[in-house]
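All ligand and atom numbering here is 1-based and tracks the order in the structure. These numbers come from a predicted model, not from an experiment.
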Amino acid sequence: MRAVVLHRHGGPEVLRLSRVPDPEPGPGEVRVAVEAIGLNYAEVLSRKGLYGWTPKMPYVLGMEAAGRVDRVGEGVEGIRVGDAVLVGRQAGAYAEYVVQRADAVLPVPEGFSMEEAAAFGVNYMTAWVALMKMARLLPTDRVVVTAAAGGVGTAAVQIAHHHGSEVVALAGSDPKLELARSLGAHHTVSYGVPDFEERLWDTVGERGVDVVLETVGGRVFRACDAVLAPFGRIVVAGYASLDYRWWKPHTWWRAWRDAPRMSLESMFKRSVGLLSTHLGYLLGRTAHLQPVWRELVSFVERHGIRPVVGHMLPFEEVAEAHRLMESRASKGKIVLRVRPSADQPEAR
Ligand SMILES: NC(=O)c1ccc[n+]([C@@H]2O[C@H](COP(=O)([O-])OP(=O)(O)OC[C@H]3O[C@@H](n4cnc5c(N)ncnc54)[C@H](OP(=O)(O)O)[C@@H]3O)[C@@H](O)[C@H]2O)c1
């Protein structure tokens, strides 16, 4: 099969399709013929060598994909060849076939295309866990979503909007904010302008904000922290603006300066809190995650939410897909098409 094996860190040019043996499912496992791969910013960081939650090189990059089960290992019950499923994993998803424990594949939500399924798992779980489980978002809350036009951002805007909360969407440019508005954001502010902080204050006023889902870091984190109202919660799920090179010590200082942080003194003086989540480290906590997944899928189906697939590229253009994500020009999810879908996924 063809797969993207990461042999060395570097720019998008290190991503190439190579031939590796087809994997075979062992007992309790299934093999999925991948149709669509969802790109995640974490894979850009992994490629650059800036992401901790990765296996040792060489390894096949990729955290999520959707496709159909094409082989079933010994002792597997409840999953059949042909079932439409999605997989979430530490690595291995940039491939034509993925072998996964049968109890770790998830059915494609009702009516989703394979591209939508590949755009769903990581982004929506991250947004759901951050907003609903960590921040305990209330319909009466006003919530800020940063990088609001990206994968996690669009998911968070949709979830918060359908929950009834007032959404303030932040992004790096105005065209991105139009997308956030179309998904239900009530207010939008660009952080791509010099007077971003004043504009944010003008938008939220004395009332401030109750919840922030923050994934950018640096100036954006500091501005969101400043407008947090009493009892406010910031959930940090990423810090995409932090960029450093091991061989350039001055970039370490910048990364340290821009890393999100809040002192205990600041928290108790303002009655606010800083929270954080990382889906990767939660993956092993199946008993905790399964009910959360069910809550999320039921919410999404009830509200007719569909993932925003902003860009679809053929598998061969994986390097181009990474360039697009790094350029900050992408909107919604970037999906790689691996093989054509015979038909629409079956409902569960
Ligand atoms: N904790 C978790 O479990 C978890 C899971 C998934 C993702 N994440 C995090 O959530 C964030 C979004 O991930 P995603 O996969 O959905 O990606 P994405 O939002 O589709 O793309 C990343 C976005 O980050 C923003 N950004 C800000 N500064 C940037 C910079 N210097 N370089 C590149 N992008 C920059 C850009 O939006 P603007 O131009 O609008 O700023 C860009 O479009 C990332 O920080 C990621 O690490 C966390």
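The nearest pair of heavy atoms linking Met267 to Met262 is CG-SD, 3.4 Å.
Side-chain rings of Phe112 and Phe120 approach one another, their centers coming within less than 6.0 Å. You'll find the ring centres of Trp128 and Phe299 inside the 6.0 Å limit.
For atom 9 (C) of ligand 1, the nearest non-hydrogen atom of the protein is Ala237 O, 3.4 Å. Closest to atom 47 (O) of ligand 1 among all protein heavy atoms lies Tyr41 CD2, 4.0 Å. Atom 5 (C) of ligand 1 has its closest protein heavy atom at Thr126 OG1, 3.0 Å. The protein atom (non-hydrogen) at minimum distance from atom 20 (O) of ligand 1 is Gly151 N, 3.0 Å. Of all protein heavy atoms, the one closest to atom 23 (C) of ligand 1 is Ala147 CB, 4.3 Å.
At a 4.0 Å heavy-atom cut-off, ligand 1 touches Asn123 through the side chain alone.
Rounding to the nearest 0.5 Å gives a distance of 11.0 Å between CG of Leu61 and CD of Gln90. Going from atom NE2 of His278 over to atom OG of Ser276 covers 9.0 Å, rounded to the nearest 0.5 Å.
Checked by distance only, ligand 1 and Val152 come closer than 3.5 Å through their nitrogen or oxygen atoms. Between Gly172 and ligand 1, a contact under 3.5 Å exists for at least one N or O pair. Considering backbone and side-chain N/O atoms, Tyr191 comes within less than 3.5 Å of an N/O atom of ligand 1. Considering backbone and side-chain N/O of Ala171, none are found under 3.5 Å from N/O of ligand 1. Residue-to-ligand polar distances place Thr215 within reach of ligand 1: an N/O pair is separated by less than 3.5 Å.
Each of the atoms 18 (P), 19 (O), 20 (O) of ligand 1 lies under 4.0 Å from some heavy atom of Gly150. Residue-ligand proximity, Thr277 to ligand 1, at heavy-atom distances under 4.0 Å covers atoms 1 (N), 2 (C). Distances below 4.0 Å separate heavy atoms of Tyr239 from the following atoms of ligand 1: 45 (O).
For the pair Arg261 and Trp256, the cation-pi criterion (under 6.0 Å, within 45° of the ring axis) is fulfilled. Under the 6.0 Å distance and 45° angle rule, Arg89 does not count as a cation-pi partner of Tyr94.
Closest to atom 2 (C) of ligand 1 by heavy atom, among Val129, Leu39, Leu279, is Leu279. With atom 28 (N) of ligand 1 as the reference point, the heavy atom nearest to it among Lys333, Glu214, Arg328, His278 is part of Arg328. Evaluated by nearest non-hydrogen atom to atom 43 (O) of ligand 1, the leading choice among Lys176, Met325, Met125 is Lys176. The heavy atom nearest to atom 24 (O) of ligand 1, considering only Ala42, Ala240, Gly217, Gly38, is found in Ala240.
Between Glu29 and Arg101 no salt bridge is recorded (no basic side-chain N to carboxylate O distance below 4.0 Å).
Proximity of Asp243 to ligand 1 is not established, as no heavy-atom distance is less than 4.0 Å.
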- Trace of the side-chain contact (heavy atoms from CB on, under 4.5 Å) decision for Val212 with Leu228: CA-CA 8 Å; Val212 179; Leu228 208 54; 4.0 Å; yes

Before giving the answer on side-chain contact (heavy atoms from CB on, under 4.5 Å), spell out for Ile234 and Val272 the whole-Å C-alpha distance, their side-chain angles and the decisive distance to 0.1 Å. CA-CA 8 Å; Ile234 296 194; Val272 297; over 6 Å; no

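Sorted by first and then second residue, the ring-ring contact (aromatic ring centres under 6.0 Å, His included) pairs with a member in residues 139-165 read His162-His303; sequence neighbours excluded.
Linking Ile, Leu, Val, Met, Phe, Trp and Tyr residues whenever their side-chain heavy atoms come within less than 4.5 Å leaves Leu131 and Leu274 in two separate clusters.
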